[in-house]
Structure formats: structure tokens, C-alpha cells
Protein chains: 2
Amino acid sequence: MTSLTEENYLKAIYTLIQSTDKKASTNEIAKKMDTKASSVTDMLKRLNEKKLVDYERYKAVKITEKGEKVAISIIRKHRLWEYFLVESLNFGWDEVHDIAEQLEHIESVELTNKLDEFLGFPKFDPHGDPIPNNKGVFPRRENQKLSEVQEGKELIIIGVEDHSPSFLNFLGEMNIQLGTELSLRTKHQFDNSLVVVNNENQKFTLSQKVASNLYIKIKNED
Amino acid sequence: MTSLTEENYLKAIYTLIQSTDKKASTNEIAKKMDTKASSVTDMLKRLNEKKLVDYERYKAVKITEKGEKVAISIIRKHRLWEYFLVESLNFGWDEVHDIAEQLEHIESVELTNKLDEFLGFPKFDPHGDPIPNNKGVFPRRENQKLSEVQEGKELIIIGVEDHSPSFLNFLGEMNIQLGTELSLRTKHQFDNSLVVVNNENQKFTLSQKVASNLYIKIKNED
DNA sequence: TAATATTTTTAGACTCATCTAAATTTTTAA
DNA sequence: TTAAAAATTTAGATGAGTCTAAAAATATTA
Ligand SMILES: [Mn+2]
Ligand SMILES: [Mn+2]
Ligand SMILES: [Mn+2]
Ligand SMILES: [Mn+2]
């Protein structure tokens, strides 16, 4: 029904619209897919034919409900497989993305749902990203960034924005993972860098760039 | 390196040669792959280019060592995933083949080996087929068929030749699965049908066709 | 051995997905 | 409000994999 390539385009278009809250442009899609704008135009025509997107030439593209369903199903599979790879097979969270890129295209609703059940219906993947349920509904995640927190607050790391192995490795060296609790001591006005303390009373500095790539939840605030 | 299609051809060629112990013909491959002979010829040229098979026009084809490695790796993945689907996700043995056909092409040696470890290094898949280890070595399986057994013998079902859902469903109705123990009472000369008794003392008849699709091990014979 | 049947290959066309180069449309800004 | 810049689309080509129809090679059998 939908080819592997079509699925990847739909996922890209869906996440682009999601993150910017507007229609996706040909160039944006090309950049995200690491391909040429002309190839994107070709594909948009095909996806439009199949009623998976709403597309008119020279106008940015919108995803249809039908296309959105496909995209969400791919995201669900990607995140469930990542969870499996980390929790069952003991991969590191920096090693699973590329494998999940392949596994997300395995076609079997039964498989996806049985995997979900086997894993205990996890709500978030190893990077803290919400896993849609079999109806396509995403669990809610706090979307506050560490860079937005006030001095003196205690917080828990609940997700990462950047999924690159280099960033994840860096966090590993800092001993930061999902669930890590930190206390924000100082926020330097000059460069917005943060001084934080962890549970082992280790004190260290995080740059504004790092802080803006970490999702957090304030402790003792429900 | 090798495309999904190439991998499927190599697997087909490998198993054809395996089962008939001679080179594979274009027509045989076409039949197994459910495609046209002309498509097979095209592919054989390409595989020959890549040194994955030895092929000369009008001569039947042989697989190279390089090609064999690929084929065995696909078979290893296929059988490990089938084991996972049945043992971890509770699929029936008649439901897993098509999903494994997809999963066998996931490319990651690390994934395969971690899956193997997670499953406890199984030696046989849910149909009793041997799973090659990470060196490509197959464990040995008794290859005696139920149709070759003498009257009066006690035996254990250890594998099936036919993997089709219809045959597997039939066995399910007969309460036969891997590990089932049977005692062979009578062998009718007329049609080679067998009368067997199971552990619950149920007596039933199996046709020659059924018996020749069941691998068995004689009890009390090591 | 010659005719016939079967197997296999070639020729040519099609689809999907991609690319480069050129043309067109839209946006920006002088 | 034009001219330049940027974004987008079209035109034309390529490669993988497939197909049908026709040709060529091989195998069978009279
Ligand atoms: Mn990922
Ligand atoms: Mn993730
Ligand atoms: Mn199978
Ligand atoms: Mn099997």
C-alpha cells in the first residue's frame, strides 16, 4: 500500500508540521530527507494522488488524516522498537536509532500490538519521546526545557531534543540519563550557562546549548 | 551492499541447491521466487557480476562462498526472529513466517547477535529447523521422517518439512506439535497410512503425505 | 538424425525513486 | 514596482527490478 520511501516522506512531513505548526515547504522536506527538491516535488505529486497529502504546486504541503495515520503508525513502531532494543536487548540509547529506522517499516499490526504488550505498554521511548498507543493517541509529556528553569529549582531529566549519538555520548560522560535528578544552582547571565549539582553532589556546568536540548520536570510539582 | 531482492534470490538459490544437491536452474528459481524466468536471468547476471553466484548463460547456477555467507545470514535471522515471535510474543507457529520474511532483512550484526543471546542461543526454530550460529554453522538435526519408521517404535516429533499455515493448522487440530510423543502401532501396506497413539492414549490415523512431512527422533535411541 | 518440445535468453517497455540542469514562479528588497 | 534572489517545478536521464513476446539454445523422442 505505502512504500518504504513514501512512509519516510510522510514521517518527515508530519514531524516538520508538528514542530513548526505550519505547512511544510519543498526545501524543508528535501533538507530533512537529505535529498533534492526536485525529488521531493515528484514524491509530493505521488502522495497527493494517493490522498496522503494535500498538495498544489508552488504551495506548501499539508498532511491528510489518512497520511497522518500512516505517519503516527511509523512513529509508534520506531519508538516501541527503540524501547525493545534498549530494555530487552541492552543496547545503549545512542545505538538504537538507525536500527529502529529499519524496523519501523515492518508491516504487521499484530506484531506491533504484541510487541507493545510484551514491553508492558511503555509510554515513552529511551529518549523520552511519547509512544502513541494503538489508537494513535500520544501520552502527554511535560515540554519544559532545562534552559527555561529558574535558579534554585530541583528537576528530573525526562527527555532529549537532540537524538544524535554525539549528544547522547556527551550526556553519558556527564552521567546524565533519563531520570537523573539535578538541582539548578546558578544561571550565568553572560552566556546562559548553568551550574547544576547531581545526587552524588557532583557540581558541573552545562552550556545553554546543552540545556536547551534537555526536557525536564520540576520536582515536587504535580 | 546486497539489496533485499538480491538477498531473497540468494536464499532461494541456496535452499534449492541444499535440498536437491545440484545446481539450480532458471526455471526452478523462477518457480520458487514466484516470478518470470526472464527476471531470473536478469538477476543471475547481476549476482554473477557481484561474485555472489557462478553463472554462465544456459548453464545452471552455483552459489559462491560469498553468496552462501549472505544466504546463511538471512536464514539465521529468519529463524531467530521466528523463535522470538513464538517464544516471546506468543504468536502461533503458523503465523510467524510472513513477518520473519520481513525481519530477516534487517541489517545489523549486533542486533542479530544480541537477539540470539536474549533468546538463550536457541538451536532450532519453531518448526524444528536448525538455526546457524554466528559463525554460520548449523546444528545437526536428525533427518528421519515419520514415514520411514518401523511399526512398534516410540518417537518424538522434532520438525516439519511443510511450513504452510494449512499444514500447521491441521497438526494443531491433531494435537501434534514439536515435542509431541507418539507410538507407531500399524503401518498399512495399502496406502502407507499410519495408526499412531499419543500420550493421552488417543489413537488416530495419519496419511503417508502427512507422515512424510514430519521429522522425528526415535525414543530411547541416542 | 531430424523434428518437436522445453528451457533459457534477449529485446523492449514499464514503474518507482532518484539525479542534474534548465525553466518558471514566488519572494524580497532596492 | 521593478530587478534580483530564492524556491520550486519541469525536462530528460539513469538504475533496479519487473513484465510480455519473440528468438535462440538445449533436451527429448520418433
Ligand atoms: Mn529514533
Ligand atoms: Mn527515540
Ligand atoms: Mn519461515
Ligand atoms: Mn521456520
Side-chain angles (χ1 to χ4, degrees), chain A residues 1-14 16-17 19-20 22-63 66-67 70-71 74 101-102 104-105 107, chain B residues 1-14 16-17 19-20 22-63 66-67 70-71 74 101-102 104-105 107:
Chain A
M1 200 60 249
T2 50
S3 72
L4 184 146
T5 317
E6 289 170 342
E7 290 182 350
N8 282 333
Y9 271 94
L10 286 173
K11 190 174 60 150
I13 295 166
Y14 176 82
L16 275 173
I17 291 175
S19 64
T20 63
K22 57 174 192 51
K23 293 183 172 188
S25 79
T26 303
N27 260 2
E28 284 169 340
I29 299 168
K31 193 173 177 188
K32 181 146 233 175
M33 295 289 295
D34 195 26
T35 188
K36 302 292 145 140
S38 56
S39 304
V40 174
T41 302
D42 284 349
M43 181 54 87
L44 290 182
K45 286 178 190 164
R46 239 172 297 149
L47 292 174
N48 190 65
E49 279 302 312
K50 293 194 173 189
K51 310 261 187 217
L52 292 163
V53 301
D54 278 333
Y55 167 71
E56 282 176 274
R57 53 209 262 292
Y58 289 109
K59 305 235 188 295
V61 73
K62 229 181 65 183
I63 200 161
K66 191 178 160 199
V70 175
I74 303 300
E101 284 293 306
Q102 299 179 61
E104 72 189 5
H105 301 288
E107 191 182 301
Chain B
M1 199 60 251
T2 50
S3 72
L4 185 145
T5 316
E6 290 169 341
E7 290 182 350
N8 282 333
Y9 272 95
L10 287 173
K11 191 173 58 148
I13 295 165
Y14 176 82
L16 274 173
I17 291 175
S19 62
T20 64
K22 56 175 191 52
K23 294 181 170 187
S25 78
T26 303
N27 260 1
E28 283 169 341
I29 299 168
K31 193 173 177 189
K32 180 146 234 176
M33 295 289 296
D34 195 25
T35 185
K36 302 293 146 139
S38 55
S39 304
V40 174
T41 303
D42 284 350
M43 180 55 86
L44 291 182
K45 286 179 191 164
R46 240 173 295 150
L47 293 174
N48 189 65
E49 280 300 311
K50 292 195 173 188
K51 310 263 187 214
L52 292 163
V53 300
D54 278 334
Y55 167 70
E56 282 176 273
R57 56 208 258 292
Y58 289 109
K59 305 238 188 293
V61 74
K62 229 182 64 185
I63 200 161
K66 192 178 160 200
V70 175
I74 303 300
E101 283 293 306
Q102 300 179 61
E104 71 188 8
H105 301 287
E107 191 182 302

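All chains are named by letter (A, B, ...) in the order of the sequence lines, taking the proteins before the strands, and each is independently numbered beginning at 1. What's counted below: heavy atoms across the whole structure, side chains too, no hydrogens, waters or symmetry copies.
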| request: Return the minimal non-hydrogen interatomic distance between Leu44(B) and Ile13(B), and the atom names on each side. | output: CD2-CD1, 4.0 Å
| said: Without decimals, in angstroms, what is the distance between Lys23(A) NZ and dA7(D) P? | reply: 19 Å
| request: Give the rounded distance in Å between these two atoms: CZ of Arg46(A) and P of dC16(C). | output: 7 Å
| query | Tell me, do Glu6(B) and Lys50(B) make a side-chain contact under 4.5 Å, heavy atoms counted? | reply | yes
| said: Which nucleotide wins on minimum distance to the side chain of Thr41(B), given the candidates dT9(C), dT18(D), dT10(D)? | reply: dT9(C)
| task | Check the pair Asn27(A) / Lys31(A) against side chain to side chain contact (heavy atoms under 4.5 Å, CB included), numbers first and verdict last. | result | CA-CA 6 Å; Asn27(A) 260 2; Lys31(A) 193 173 177 188; over 6 Å; no
| Under 3.5 Å donor-acceptor pair, Tyr58(A) side-chain atoms to dT24(C) base atoms | yes
| query | Are any of the side-chain heavy atoms of Asp54(B) and Lys23(B) separated by less than 4.5 Å? | reply | no
| request: Remember a base hit wins even if backbone is also touched, and classify Lys59(A) as base, sugar-phosphate or nothing at under 4.0 Å, heavy atoms. | output: nothing
| message | How many whole angstroms separate atom CG of Asn48(A) from atom P of dC16(C)? | response | 15 Å
| Leu47(B) and Val61(B), any side-chain heavy atoms less than 4.5 Å apart | no
| Whole angstrom value for the distance that separates C1' of dC16(C) from NZ of Lys50(A) | 10 Å
| request: Give, ordered by number, those residues of residues 4-11 of chain B having at least one heavy-atom distance below 4.0 Å to an atom of DNA chain C; if nothing qualifies, reply none. | output: none
| said: On the nucleotide dA6(D), are OP1 or OP2 found under 4.0 Å from the side-chain N or O atoms that Asn27(A) carries? | reply: no
| field | Interatomic distance where CZ belongs to Arg57(B) and P belongs to dA23(D) [whole Å] | value | 17 Å
| Heavy-atom pair with the smallest gap, counting every atom of Leu10(A) and Val53(A) | CD2-CG1, 4.0 Å
| Of the residues in residues 29-40 of chain A, which ones touch DNA chain C at a heavy-atom distance under 4.0 Å? | Thr35(A), Lys36(A), Ser38(A), Ser39(A)
| message | Rounded to whole Å, please give me the gap between CD in Glu49(B) and P in dA16(D). | response | 11 Å
| request: For Thr26(B), report the nucleic acid contact type (base, sugar-phosphate, nothing); a contact means any heavy atom under 4.0 Å. | output: sugar-phosphate
| message | Quick check: do Glu101(B) and Lys11(B) have side-chain heavy atoms less than 4.5 Å from each other? | response | yes
| query | Roughly how many Å is it from CE in Met43(A) to P in dC19(C), rounded to a whole number? | reply | 11 Å
| message | When you compare the side chain of Asn8(B) with that of Glu104(B), does any pair of heavy atoms fall below 4.5 Å? | response | yes
| message | Nearest heavy atom decides the nucleotide; on that basis, is Glu56(B) or Asp42(A) closer to the 5' end of DNA chain C? | response | Glu56(B)
| request: Report yes if some heavy atom in the side chain of Glu107(B) is under 4.5 Å from a heavy atom in the side chain of Met1(B); otherwise report no. | output: no
